[in-house]
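What follows is a single structure, written as structure tokens, with notes after it.
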Amino acid sequence: MNSFYLSNPYQPPQAPKNLPINQPWALFGGISPDQFMKQYWHKKPLLVRGAIPAFSLASASHQGLNSPISGEALFNLAGNDLVESRLIQSKPWSFELGPFKKKSLPKVKQPDWTLLLQGMEAHHPAAATVLSWFRFIPDSRLDDLMISIAGIGGGVGPHFDSYDVFLIQMSGRRRWQISEQKDLSLNPNLPLKILQNFVVEHEWVLEPGDMLYLPPHIAHDGIALDSGCQTWSVGFRSPSFKELLQEGLWRLAESLEDIPELNHKFADPKQGASKQAEQLPAELIKQLEQKLRGLKLDQLSQFLPGITAYLSEPKQQAYFSGPAIPLTPKQFARQLGSQALAAHPQTRILALNRDIFCNGEMVSKGQTSQIQRAWGTLASKKALIYKDLKEVSPSSLYEAYLSGWLVFKI
Ligand code: SIN
Ligand code: CO
């Protein structure tokens, strides 16, 4: 007899500690993450029926399975000014930015609207769990988990995105139409980015538990077929080279502060009398060239720390508040021996070899080897238990705890 119990609402299971990247996985229709990356990622769409098997198992045994987050809870989140939310109505097209008072939102049974909520991983553990299933894709590429809830007929219109997206159907049905068309021109008369000529090539109705993966620039349109339709989308970041290099350069410029020798002033005892006084002196150019060569400013390794720091910056809406009654360094060290310290859901931690960057700062810099090791574990596992941690204060780990970037798991 079947002994497992299917909860209602659906409780997404925690991903295994080390994601089995070479094992077949229902989430990708029975192929492994490794195969998915080779065959589909950034290349072609993939429709997966029963990506979350719990939904079809539940309906086979005549049990309904709801989204882990109720429509009511999503409406409440839309009123929170720390949540980025948008309301899109389709007849006629209109667009509003949140936060929204309950009264200003349509009723679930009304047609032709959709409410989009970004960064849900920070506001509900089920959203954070679903996002963690995709941690075989580098953290620096992962953006957030967006949830849309819609009335019948609701959608954002035919459009394209510049990044990859996994669209997971969590409640009700949604009809997806897609096209690999080259014409991506937008209708200039609408307040939203909507394609002027959408030529449907494929169409599917997604049931709860189904998933559609789309690479960038695939035209798509999802229309809700049931009221309270929920689609959870895992979105990615794709910064331009301009953005990366500019951000790297800013930070590189700031890091020159740490080189006292650069405070020396330019001197020109060899400057002769000049017939072309308006020209920048050759001696200045020569000395600048020597300095630049010394600093190795033409080498990528000089830029990468700044670029990694930039990519580790949290979202603009991120909000951290430290513990109301912080543990002393001694208590902190003791607690860390038995209770996991975890990254706050809005904290971003990235690694560049052994250097660790958290929320825009290089937190491994100038730290003891124990603290550096602790950060390494936090970067890879997002959680840390550490027995016998010495020299807690001063340390970037304790500071990050005081700032609310790291929190003890309850
Ligand atoms: C939606 O969830 O309704 C929109 C997601 C998308 O098309 O990118
Ligand atoms: Co889209």
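We number each residue from 1, following the sequence as shown. One-based numbering, in listed order, for ligands and for the atoms of each. In what follows, every heavy atom counts, from backbone to side chain, and hydrogens, waters and symmetry copies are set aside.
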Apex the Co ion (ligand 2) - arms NE2 from H159 and NE2 from H220 - angle rounded to 10°: 90°
Counting only heavy atoms from other residues, nucleotides and ligands, does the tally under 6.0 Å from OH of Y319 exceed 12? no
For the backbone of S90 and the side chain of S94, can you confirm whether one donor and one acceptor N or O come within less than 3.5 Å of each other? no
Any non-hydrogen side-chain atom of W133 less than 4.5 Å from a side-chain atom of P13? yes
Using a strict 4.0 Å cut-off to heavy atoms of H159, name the atoms of ligand 1 that fall inside it. 6 (C), 7 (O), 8 (O)
Polar atom proximity, H220 to ligand 1 (N or O, under 3.5 Å): yes
D161, N/O/S atom nearest the Co ion (ligand 2): OD2
Counting heavy atoms only, which of L167, I147, V156 is nearest atom 5 (C) of ligand 1? L167
Return the option from R174, M146, Q169 holding the heavy atom at the smallest distance from atom 4 (C) of ligand 1. M146
Going by distance alone, is a donor N or O of one side chain under 3.5 Å from an acceptor N or O of the other, for Y163 and R141? no
Does W232 reach ligand 1, in the sense of a heavy atom lying below 4.0 Å from it? no
One thing to verify: whether K315 and D143 come together as a salt bridge, which I'm taking to mean a side-chain N less than 4.0 angstrom from a carboxylate O. yes
What residue and heavy atom of the protein are closest to atom 1 (C) of ligand 1, and at what distance? S148 OG, 3.5 Å
Closest approach of any protein heavy atom to atom 8 (O) of ligand 1, naming residue and atom: D161 OD2, 3.3 Å
With heavy atoms only and a cut-off of under 4.0 Å, state how W176 meets ligand 1: side chain, backbone, both or neither. side chain
Apply the ring-ring contact (aromatic ring centres under 6.0 Å, His included) test between Y398 and each candidate in Y386, W405, F332; give the one that qualifies. F332
Take F160 and F198 through the test ring-ring contact (aromatic ring centres under 6.0 Å, His included) and record every step on the way to the result. CA-CA 10 Å; F160 69 93; F198 181 49; over 10 Å; no
